[in-house]
**Q** 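Structure incoming, see below.
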Amino acid sequence: ETGVTQTPRHLVMGMTNKKSLKCEQHLGHNAMYWYKQSAKKPLELMFVYNFKEQTENNSVPSRFSPECPNSSHLFLHLHTLQPEDSALYLCASSPITDRGSGELFFGEGSRLTVL
Amino acid sequence: QKEVEQNSGPLSVPEGAIASLNCTYSDRGSQSFFWYRQYSGKSPELIMFIYSNGDKEDGRFTAQLNKASQYVSLLIRDSQPSDSATYLCAVKGWNTGNQFYFGTGTSLTVIP
């Protein structure tokens, strides 16, 4: 099994749909992240969970709703999205070290297109 | 605003040459520095991390850190066409929780 697995890899949805992105990590890490990657822009941190507790929410619109049922699974629930939300959504995990979070390990990403 | 700056490129080097990728950061409290490689249509993968001033070598890759100048670089020796990708610099500080700050990336093309 790969380290961080994301499903679906590709998703097309209308503005009124409700869908979810799923992430699972098999690395034994305690921190999980959602990042958004748009063309020509730096990776944008959306949410962070440490030991299942949300620690970061970088002013993300409420149409994105994260869920972390345990340290290995992370979801991103999507509803009433806008076309500008079309992007690559990356899940990542990291160990917690004496320097805080260690390096990020990314999943393959979910390419989202909002029509 | 904590910023990480990279030259977006594209940077082109001939096969076998040394590719030099540069990154500057604004937060003097930054402590951990990472280089990721991202192939087109793929997710970023970690190449190297560096915490201390100086050089760190791993195979054909060398990371260089100068905290006084707030500068981190990645050298790729004996560049191969398979090194063609976008290289992302990421920075993290002690007091930034889980926040990693990324640059926009430098696109590298190695010409056979």
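Just so we're clear, the structure is a prediction, and the values are computed from it rather than from any experiment. Order of the sequence lines sets the chain letters (A, B, ...), proteins ahead of strands, with each chain counted from 1.
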**Q** Measure distances from Gln38(B) to the heavy atoms of chain A and classify the residue's part below 4.5 Å as side chain, backbone, both or neither.
**A**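 Side chain only.
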**Q** Examine the side chains of His29(A) and Ser94(A) and answer whether a donor and an acceptor come within less than 3.5 Å of each other.
**A**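 No pair is found: no donor N or O on one side chain lies under 3.5 Å from an acceptor on the other.
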**Q** What is the ring orientation for Tyr33(A) with Phe100(B), classed by angle as parallel under 30°, tilted 30 to 60°, or perpendicular over 60°?
**A**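 Aromatic pair Tyr33(A)/Phe100(B) classed perpendicular.
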**Q** Strictly by ring-ring contact (aromatic ring centres under 6.0 Å, His included), give each pair with a member in residues 8-31 of chain B just once, sequence neighbours left out.
**A**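 Passing the test, one end in residues 8-31 of chain B: Tyr25(B)-Phe33(B).
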**Q** Can you run down the salt bridge (Lys or Arg N to Asp or Glu O under 4.0 Å) pairs that involve residues 65-85 of chain B, sequence neighbours left out, and say none if there aren't any?
**A**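 Qualifying pairs, neighbours excluded: Glu57(B)-Arg77(B), Arg60(B)-Asp83(B).
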**Q** Sort Leu43(A) into side chain, backbone, both or neither according to what part of it lies under 4.5 angstrom from a heavy atom of chain B.
**A**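 For Leu43(A), heavy atoms of backbone and side chain both lie under 4.5 Å from chain B.
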**Q** Please state whether the side chain, the backbone, both or neither of Gln37(A) comes within less than 4.5 Å of a heavy atom of chain B.
**A**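 Side chain of Gln37(A) only, per the 4.5 Å heavy-atom cut-off to chain B.
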